Amino acid sequence: MDDPRDKSDAQWRELLGREAYSVLRGEGTERAFTSPLNLEKRNGTYVCAGCGQALFASSAKFDSKTGWPSFSEAMPGALETKRDFRMILPRTEYHCSRCDGHQGHLFDDGPEPTGKRYCNNGLALRFVPD
């Protein structure tokens, strides 16, 4: 399998389209309450829209009432984190570990037992039903 990190900027733009490219490659954020994935209730897996790597099980999804798909835990090894200072206060940003595609931010206000909220851009995900 080819390493998705080897794709050129032009290849990413063609593959993703303007809005998803802005999120996944430009670390942008989609508008709240715009993703159809907010309403997705079926069993399945949420995968990276850039490379297809499995990121979240549907069993980890919850309604955070923030307007973005939210998850209490990620698949093991699926994500990498870094500090983000763009909003002045530091936040934890996370990316797909396979293609480096920006997914969202991690907060400590999620449900038990993890207490985590992976606040994800819907444009950065695809849902694969069971």
Side-chain angles (χ1 to χ4, degrees):
M1 175 192 317
D2 294 334
D3 187 339
R5 294 176 184 168
D6 293 337
K7 283 188 185 351
S8 70
D9 190 59
Q11 289 172 311
W12 280 118
R13 285 179 189 277
E14 183 177 334
L15 173 72
L16 299 172
R18 186 179 55 80
E19 291 178 329
Y21 175 86
S22 173
V23 169
L24 281 158
R25 308 315 302 170
E27 298 181 348
T29 301
E30 69 191 8
R31 285 191 345 261
F33 300 100
T34 60
S35 175
L37 293 180
N38 287 332
L39 303 176
E40 181 59 65
K41 305 275 191 231
R42 296 174 291 171
N43 290 331
T45 305
Y46 293 84
V47 302
C48 176
C51 70
Q53 175 168 258
L55 303 179
F56 303 100
S58 60
S59 59
K61 187 174 186 254
F62 68 97
D63 184 2
S64 65
K65 307 212 183 320
T66 60
W68 291 279
S70 296
F71 305 88
S72 58
E73 65 182 336
M75 301 277 197
L79 303 173
E80 294 176 349
T81 62
K82 70 177 186 177
R83 297 302 274 170
D84 170 9
F85 293 94
R86 281 178 285 186
M87 299 289 287
I88 300 179
L89 294 175
R91 300 183 298 173
T92 301
E93 181 177 307
Y94 61 92
H95 293 249
C96 172
S97 65
R98 181 188 293 162
C99 72
D100 292 329
H102 171 72
Q103 295 292 320
H105 289 86
L106 177 59
F107 301 97
D108 290 322
D109 60 1
E112 294 301 326
T114 66
K116 300 294 182 192
R117 174 171 54 100
Y118 291 85
C119 187
N120 219 97
N121 287 286
L123 287 167
L125 295 172
R126 275 189 306 106
F127 178 71
V128 179
D130 284 347

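This structure is a prediction, so every number in the text was calculated from the model and none was measured.
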Q. Going by distance alone, is a donor N or O of one side chain under 3.5 Å from an acceptor N or O of the other, for T81 and E93?
A. no
Evaluation steps, side-chain contact (heavy atoms from CB on, under 4.5 Å), between R25 and C99
CA-CA 10 Å; R25 308 315 302 170; C99 72; 4.2 Å; yes
When rounded to the nearest 0.5 Å, the distance separating NE2 of H102 from CG of N120 is 8.0 Å
In this structure, OG of S64 is separated from CZ of R117 (nearest 0.5 Å) by 5.5 Å
Between the OG atom in S58 and the CZ atom in R42, the distance rounded to the nearest 0.5 Å is 10.0 Å
Is any side-chain heavy atom of Y21 closer than 4.5 Å to one of L123? no
T45 and A54 have their tightest heavy-atom pair at CG2-CB, 3.7 Å
inquiry  = Ring centres under 6.0 Å, that's the criterion: do Y118 and F71 meet it?
reply    = no
Correct closest heavy-atom pair for L79 and Y94 would be CD1-CD1, 3.5 Å
task: Evaluate whether atom CD of Q11 has more than 12 neighbouring non-hydrogen atoms of other residues, nucleotides or ligands under 6.0 angstrom away.
output: yes
request  = Evaluate the side-chain proximity of Y46 to L55: yes if any heavy-atom separation is below 4.5 Å, no if none is.
outcome  = no
* Could you check if a side-chain atom of T66 sits within less than 4.5 angstrom of a side-chain atom of C119, using non-hydrogen atoms only? => yes
Please step through side-chain contact (heavy atoms from CB on, under 4.5 Å) for the pair K116 and D108, ending with a clear verdict. CA-CA 5 Å; K116 300 294 182 192; D108 290 322; 2.5 Å; yes
Determine, stepwise, if the pair K82 / E27 fulfils salt bridge (charged side-chain N to carboxylate O under 4.0 Å, His left out). CA-CA 12 Å; K82 70 177 186 177; E27 298 181 348; 2.9 Å; yes
Give the intermediate values and the outcome of side-chain contact (heavy atoms from CB on, under 4.5 Å) for residues S70 and K61. CA-CA 6 Å; S70 296; K61 187 174 186 254; over 6 Å; no
Between the CG atom in L16 and the OG atom in S22, the distance rounded to the nearest 0.5 Å is 10.5 Å
Output for pair (T29 OG1, H105 NE2), nearest 0.5 Å, gives 6.5 Å
### Message
I'd like to know if the side chain of E30 reaches the main chain of G122, judged simply by a donor and an acceptor atom lying under 3.5 Å from each other, with no hydrogens or angles considered.
### Response
yes
Cluster question for you: counting only ILVMFWY and a side-chain heavy-atom cut-off of under 4.5 Å, with indirect links fine, are L37 and W68 together?
no
- Side-chain heavy atoms under 4.5 angstrom apart, residues restricted to Ile, Leu, Val, Met, Phe, Trp, Tyr: same cluster for W12 and V23? no
Of all heavy-atom pairs linking N38 and K41, the shortest is O-NZ, 4.4 Å
**OP:** Report the C-alpha distance between T114 and S72 in whole Å, list the side-chain angles of each, state the deciding distance to 0.1 Å, and finish with yes or no for side-chain contact (heavy atoms from CB on, under 4.5 Å).
**Re:** CA-CA 6 Å; T114 66; S72 58; 3.6 Å; yes
For A57 and M75, the nearest pair of non-hydrogen atoms, with its separation, is N-CE, 3.8 Å
Problem - Co-membership, hydrophobic cluster, residues V47 and L125, 4.5 Å side-chain - result: no
d(Q103 CD, E80 CD) to nearest 0.5 Å is 12.0 Å
